Amino acid sequence: MDWSFIISTTLLAAFGIEAIVFGLAAIGLNLQFGYTGLLNFGQSAFLAVAAYSLAVLVSQMGFSFWVGILVGIIAAILLALLLGIPTLRLRADYLAIVTIAAAEIVRLLLRSVTFKEWFGGSDGINDFSRGFYELNPFPIGRYTLGPVSLSQDQLLIIVVGWTLVGLALLVTWLLVRSPWGRVLKGIREDEDAVRSLGKNVYLYKMQALIIGGVLGCLGGFVYALGRQAVNPDFFGTDSTFFAYAILILGGAARVFGPVLGAIIFWALIQGSDVILRSLIDAGVPVFSLMTASQAAVIRFILVGAGLMILMIYRPQGILGDRKELALDAR
Amino acid sequence: MPDSPDAGSPEPTVVDRKAEAVAALASVPRVPGAPKPDPILIADNVVRRFGGLTAVDVDHVEIQRGAITALIGPNGAGKTTFFNLLTGFDQPDTGSWLFEGQNLAGMPAFRVARLGMVRTFQLTKALSRMKVIENMRLGSTDQAGEKLRTALFPFAWRAQEKEITARADELLTRFNLDAKREDFAGSLSGGQRKLLEMARALMSRPQMVMLDEPMAGVNPALTQSLLQHIKDLRQQGMTVLFVEHDMDMVRDISDWVIVMAQGKVIAEGPPDDVMRDPAVIVAYLGGHHDKALTASGVSFTEENEA
């Protein structure tokens, strides 16, 4: 078996574009769900509106890269307002229903034949990232970091991505340790109690939804620029649930939970894939019974089983506090 | 540990607020909707219907400033609904009420609380996964750091946070919760949660405190201390309105009692007068409880024969 290949592939998954995209999505969810208790099941829609704003403005309308980013962020804010205004006065489950439906509407509009001219239908859009890579300060060449070798463009997106993750973590950390963050935690525990103490609960929930959506939408930009393409089917419900799995794996309501979760989640997904493939290629008895495409499915079964075991023995996630979780069951 | 009457107040006050309240209410007529000499809250024509059921139908009621007023009545009388309406947690079909001369009808609950009328809940709402001290800090109003634009800059709210923490610690000591400061609120006992909820409400420096069944689920050992805390509120100049079922407690601490039945105010007066009021006895026990059994037996047979 080629261990250096296994290790480099796993490392690239753990610290590459996927981990950054889902890390950012989960950081946004952490503010919404972990701290405020808002069940946003449409996080992938926030990534979608950001990624497509950038792609459409640059490739179809000829605007610059920065205009695309700005419009993408505004689109995420508008989406949060659109989802929040009718639902945040209602009980928490209504937001869940509305967001999951809205995310599917966004995805279906993006891949619809009617708007193919604008959004590229199910093929997506793929000629918008030049403006970003032209800004690349790294000279052309290969960059070797330990066992991983990257092109100057790969290096750029990873550096930019982790910088964004760092900034998102800093903002989250500053917010949740402030009195503002204390109000959010109060709302998660009991919003009527917080209301009785003179706080405008609706406003706080809206702010949390918007900030969480904007932090998540940064993941949409990283996805679009890293792949140099946008495709509507990436923004389905499974992306939202990957982000939830990552958040719960790392530990909800912990600042570093989502990032740790994203690194481990993608290391497991990619790592188990390459290990299984290597075992098949090496003709190891039992494993040679399955094909490489079967192995791609088996790894999800393995990761799913792993997550179940984690939920049973460590329901609070890796960084969570069990005592805190136990209080809920009173 | 028996508390002295002045426990917690910085200097012993000579004014006896109970005597003051009783004297002020002495000349008030013992009729439903009686006008008070110095009302802090005046409600008019407050009606709340749930489908065909009229849960609250209060023509007129006034609450005396600086007194402890009890709101009693049999189950389903509409006490808690009336409470929810007054504090903005529910909206009435008709009606208006003035708190300190300001109309609160249609005002959201958080604004009512900011005006100085705070409430507690029948089912205690301790914020379980937050520490006791964090529960307390949350109670303080007008915090600069609770605004999003200042939250990111700790230097803008750190001084105020310190001041809030000092006040929170003072209240925790008064309510004997200082040992629990760093514990999660969810780990407190039922009675301690009641104390925490009351202390947290006081963080906002209210003028009027509304307590919904403060004694429900509190063990007898804590009852006395809780009662003393409520009396202390009056001593510090606050107005208290509370819903309660425990008649001994009502008799012990209230200056004035308002009785509700089937959504209406049916009687008012000092505790001892109200408990002798025939209308109140009827509301609690039913209409014919005090007649001789033989008489009803006779009428029963007579009816049968007829």
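What's counted below: heavy atoms across the whole structure, side chains too, no hydrogens, waters or symmetry copies. Residue numbers start from 1 in every chain, and the chains themselves are labelled A, B, ... in the order their sequence lines are given, proteins ahead of strands. None of these values were measured; they are calculated from a predicted model.
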Heavy-atom pairs under 4.5 Å with chain A are the metric here; pick the option from [options] that has the most.
{"options": "B:Arg111, B:Lys147, B:Arg200", "value": "B:Arg200"}
{"options": "B:Leu138, B:Ile164, B:Thr141, B:Thr120", "value": "B:Leu138"}
{"options": "B:Ser204, B:Gly145, B:Ser140, B:Pro154", "value": "B:Gly145"}
{"options": "B:Val118, B:Leu152, B:Asn135, B:Val112", "value": "B:Leu152"}

Q. Contact part of B:Phe153 toward chain A, heavy-atom cut-off under 4.5 Å: side chain, backbone, both or neither?
A.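 When you check distances to chain A, no heavy atom of B:Phe153 falls under 4.5 Å.
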Q. Which value, rounded to the nearest 0.5 Å, describes the distance between B:Gln143 atom CD and A:Lys199 atom NZ?
A.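 Atom-to-atom, B:Gln143:CD and A:Lys199:NZ are 5.0 Å apart.
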Q | Spacing of B:Arg119 atom CZ and A:Arg195 atom CZ [to the nearest 0.5 Å] | A |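 Interatomic distance, B:Arg119 CZ to A:Arg195 CZ, rounded to 0.5 Å: 11.5 Å.
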If you take all heavy atoms of [X] and [Y], which pair is closest and at what distance?
{"X": "A:Gly186", "Y": "B:Leu127", "result": "O-CD2, 3.7 Å"}
{"X": "A:Tyr204", "Y": "B:Glu146", "result": "OH-O, 2.8 Å"}
{"X": "A:Arg182", "Y": "B:Glu161", "result": "NH1-OE2, 2.8 Å"}
{"X": "B:Ala151", "Y": "A:Trp180", "result": "CB-CB, 3.5 Å"}
{"X": "A:Ala193", "Y": "B:Phe121", "result": "CA-CE1, 4.1 Å"}

Quick check on [X]: does its [atom1] atom have over 12 non-hydrogen neighbours (other residues, nucleotides or ligands) under 6.0 Å away?
{"X": "A:Asp93", "atom1": "CG", "answer": "yes"}
{"X": "B:Arg205", "atom1": "CZ", "answer": "no"}
{"X": "B:Lys231", "atom1": "NZ", "answer": "yes"}
{"X": "A:Tyr94", "atom1": "OH", "answer": "no"}
{"X": "A:Tyr202", "atom1": "OH", "answer": "yes"}

Name the member of [options] that forms the most heavy-atom pairs with chain B at distances under 4.5 Å.
{"options": "A:Asn200, A:Leu174, A:Val194, A:Leu203", "value": "A:Asn200"}
{"options": "A:Val183, A:Asp192, A:Leu184", "value": "A:Asp192"}
{"options": "A:Ser178, A:Ala253, A:Pro179", "value": "A:Pro179"}

Q: Can you tell which part of A:Arg177 gets under 4.5 Å to a heavy atom of chain B, answering side chain, backbone, both or neither?
A: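 Interface part for A:Arg177: both.
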Q) Which atoms of A:Ile211 come close to chain B, meaning under 4.5 Å heavy atom to heavy atom: side chain ones, backbone ones, both, or neither? A)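 Just the side chain, heavy atoms under 4.5 Å.
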Q) Quick check: does any side chain N or O of A:Glu189 sit under 3.5 Å from a backbone N or O of B:Arg129, one acting as donor and the other as acceptor? A)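 Such a contact is found between A:Glu189 side chain and B:Arg129 backbone.
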